[in-house]
2 protein chains.
Amino acid sequence: MRRDSRLSRMLHVLIHMDRHYKRATSETISKMLCTNAVVVRRTMAGLRDFGYVRSEQGHGGGWELARGLDQITLLDIYEAIGKPPLFAIGPSVDQPECLVEQAVDAKLGDALKEAEALLLERFRTVTIADIAADFDRRMPEGQCNIHGNIHAEQSASG
Amino acid sequence: MRRDSRLSRMLHVLIHMDRHYKRATSETISKMLCTNAVVVRRTMAGLRDFGYVRSEQGHGGGWELARGLDQITLLDIYEAIGKPPLFAIGPSVDQPECLVEQAVDAKLGDALKEAEALLLERFRTVTIADIAADFDRRMPEGQCNIHGNIHAEQSASG
DNA sequence: CCATCTGTAACAAGATAGGTTACATGTCTT
DNA sequence: AAGACATGTAACCTATCTTGTTACAGATGG
Ligand code: FES
Ligand code: FES
């Protein structure tokens with residue numbers, strides 16, 4: 001597989017949980033994300049450990065939000081999924097002996113650090129509620145009907 | 001392997017070619033980069049196609065610079081190696097139907113685009129000569145002795 | 001007890017950079 | 001012309017990482 005999509009996926013599911021579900025099972029979430037329930041548990045385990053969601057086992061269990069979307073930033077989720085590497089390029093060795101390579105990696109590292117700082121600053125200042133507000137602008141009715149069957153089934157049982 | 005190191009490697013070798021060699025074979029370069037001669041040819045083929053280096057076959061052949069290091073930017077080399085993806089994170093699907101996911105990817109994409117623009121701007125404004133100047137500050141004698149045997153052998157024959 | 005969940009280990013699949021082997025082609029020396 | 005030397009390139013393997021899948025243990029409530 002190519003690029004790590006865990007951050008995007010977790011933002012997606014958190015907004016759906018806030019808007020459409022009180023509580024959702026890994027199975028339900030896996031259908032939204034077009035993936036497997038084990039992948040959902042694996043990824044959301046980090047969010048649970050950081051206190052952004054709660055999980056309950058057994059009959060009637062599942063996942064639910066532990067705080068409001070305005071209290072969670074993109075940076076929070078990025079850290080909760082384990083701070084995966086942001087960049088796909090980098091030096092070939094960690095501690096090069098060659099002074100030329102040291103100079104190359106230093107200059108390249110400066111540019112990467114600047115870009116990383118900018119990216120993480122954006123992550124820090126954007127809450128998931130901000131993204132949900134963008135969703136509201138795209139769909140004023142507040143209802144996304146692509147997986148309407150799942151939503152209906154849940155809101156009937158919830 | 002983890003992160004694409006072709007940009008770093010090409011910058012490294014171009015500076016060595018400017019400072020220590022008139023002409024270098026793929027074999028010699030592969031020893032500098034601790035890799036294989038075929039990998040060197042494969043990667044430098046892009047630089048040749050863009051006119052930054054020349055290659056000559058046959059006896060006495062090899063690679064040489066086609067222009068001064070002050071005439072080559074990091075962006076030039078990044079493009080010459082085929083513009084590999086810069087980021088290791090991204091959305092899970094290209095054209096999501098779900099409006100929530102569209103909002104997530106749009107917001108995430110904005111942050112990534114900003115960081116990418118900054119990174120490419122740095123690449124555009126830094127020449128390889130700038131990096132070589134940093135090398136001079138680290139090693140005023142202008143000689144890196146780690147692979148001194150290779151350098152000596154080349155400057156004797158060259 | 002049993003159905004329903006999460007938690008987790010173990011392994012397979014898919015993608016990509018990099019390493020390796022093999023061979024064709026071009027070029028200089030003798 | 002012969003042979004050494006060097007690039008050009010295809011083909012295949014390896015390493016690593018995210019994701020997908022199967023299997024099973026443990027918790028929970030009817
Ligand atoms: S995932 Fe958004 S409506 Fe189904
Ligand atoms: S690679 Fe820099 S001295 Fe050998």
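In what follows, chains carry the letters A, B, and so on, assigned in the order in which the sequence lines appear, proteins first and then strands, with residues in each chain numbered from 1.
Relative to the side chain of A/Trp63, the nucleotides C/dG7, D/dT18, D/dT7 differ in distance, and C/dG7 lies closest. Taking every side-chain heavy atom of A/Thr25 into account, C/dT6 is the closest of C/dT6, D/dT7, D/dG8. Considering only the side chain of A/Arg6, D/dT18 comes nearest among C/dT20, D/dT18, D/dT22.
Checking the phosphate oxygens (OP1, OP2) of C/dG7, no side-chain nitrogen or oxygen of A/Arg41 falls inside 4.0 Å. The shortest distance between the side-chain N/O atoms of A/Ser5 and the OP1/OP2 oxygens of D/dT19 is below 4.0 Å. Here B/Arg23 does not reach the OP1 or OP2 of D/dA6: none of its side-chain N or O atoms lies under 4.0 Å away. When the side-chain nitrogen and oxygen atoms of A/Arg3 are compared with OP1 and OP2 of D/dC17, none of them lie within a distance under 4.0 Å. In this structure, B/Ser55 reaches the D/dG8 phosphate: one of its side-chain N or O atoms is under 4.0 Å from OP1 or OP2. In terms of phosphate contacts, B/Thr35 brings no side-chain nitrogen or oxygen within less than 4.0 Å of OP1 or OP2 of C/dG18.
Annotation: salt bridge (charged side-chain N to carboxylate O under 4.0 Å, His left out) contacts involving residues 43-65 of chain A, sequence neighbours excluded, comprise A/Arg23-A/Glu56, A/Arg23-A/Glu64, A/Arg54-A/Glu64.
Along DNA chain D, the nucleotide closest to B/Val38 and the one closest to B/Ser26 are compared, and the more 5′ of them pairs with B/Ser26. Along DNA chain C, the nucleotide nearest B/Asp4 and the nucleotide nearest A/Ala37 are compared for position; the residue whose nucleotide lies closer to the 5' end is A/Ala37.
With respect to the salt-bridge test (charged N to carboxylate O, under 4.0 angstrom), the residues A/Glu116 and A/Lys113 do not qualify. At a threshold of 4.0 Å, the pair A/Asp76-A/Arg67 does not count as salt-bridged, since none of the basic side-chain nitrogens sits closer than that to a carboxylate oxygen. Under 4.0 Å is where a charged nitrogen must lie from a carboxylate oxygen, and between A/Lys107 and A/Asp110 no such pair does.
With sequence neighbours excluded, no residue forms a side chain to side chain donor-acceptor pair (under 3.5 Å) with A/Asp18.
Here C/dC5 presents its C1' atom at 13 Å from CZ of A/Arg48, a figure rounded to the nearest Å. At whole-Å resolution of the value, CG in A/Asn36 and C1' in C/dC5 are 15 Å apart. Atom pair A/Leu86:CG and D/dT18:P shows a separation of 12 Å (rounding to whole Å applied). Taking atom CE on A/Met44 and atom P on C/dT8, their separation rounds to 14 Å, with Å as the unit. With rounding to whole Å, B/Leu7 atom CG is found 11 Å from C/dG18 atom P. A straight line from CD of B/Glu27 to P of C/dG19 spans 13 Å, rounded to a whole angstrom. Taking atom CZ on A/Arg42 and atom C1' on C/dC11, their separation rounds to 11 Å, with Å as the unit. One atom, CD1 of B/Ile89, and another, P of D/dT19, lie 11 Å apart when rounded to the nearest Å.
Residues B/Ile29 and B/Met44 meet the side-chain proximity criterion, which asks for heavy atoms closer than 4.5 Å.
Aromatic ring orientation, A/His20 versus A/His16: tilted (interplanar angle from 30° to 60°).
Remark: the B/Trp63 side chain and the B/Ser26 side chain contain an N/O donor-acceptor pair separated by less than 3.5 Å.
Counting any heavy atom pair closer than 4.0 Å across all strands shown, B/Arg9 reaches sugar-phosphate atoms only and no base atom.
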Practice task
Using a 4.0 Å heavy-atom cut-off, write out nucleotides 23-30 of chain C from 5' to 3' as B (base contacted by protein), S (sugar-phosphate only) or - (no contact).
Solution key: ---BBB--

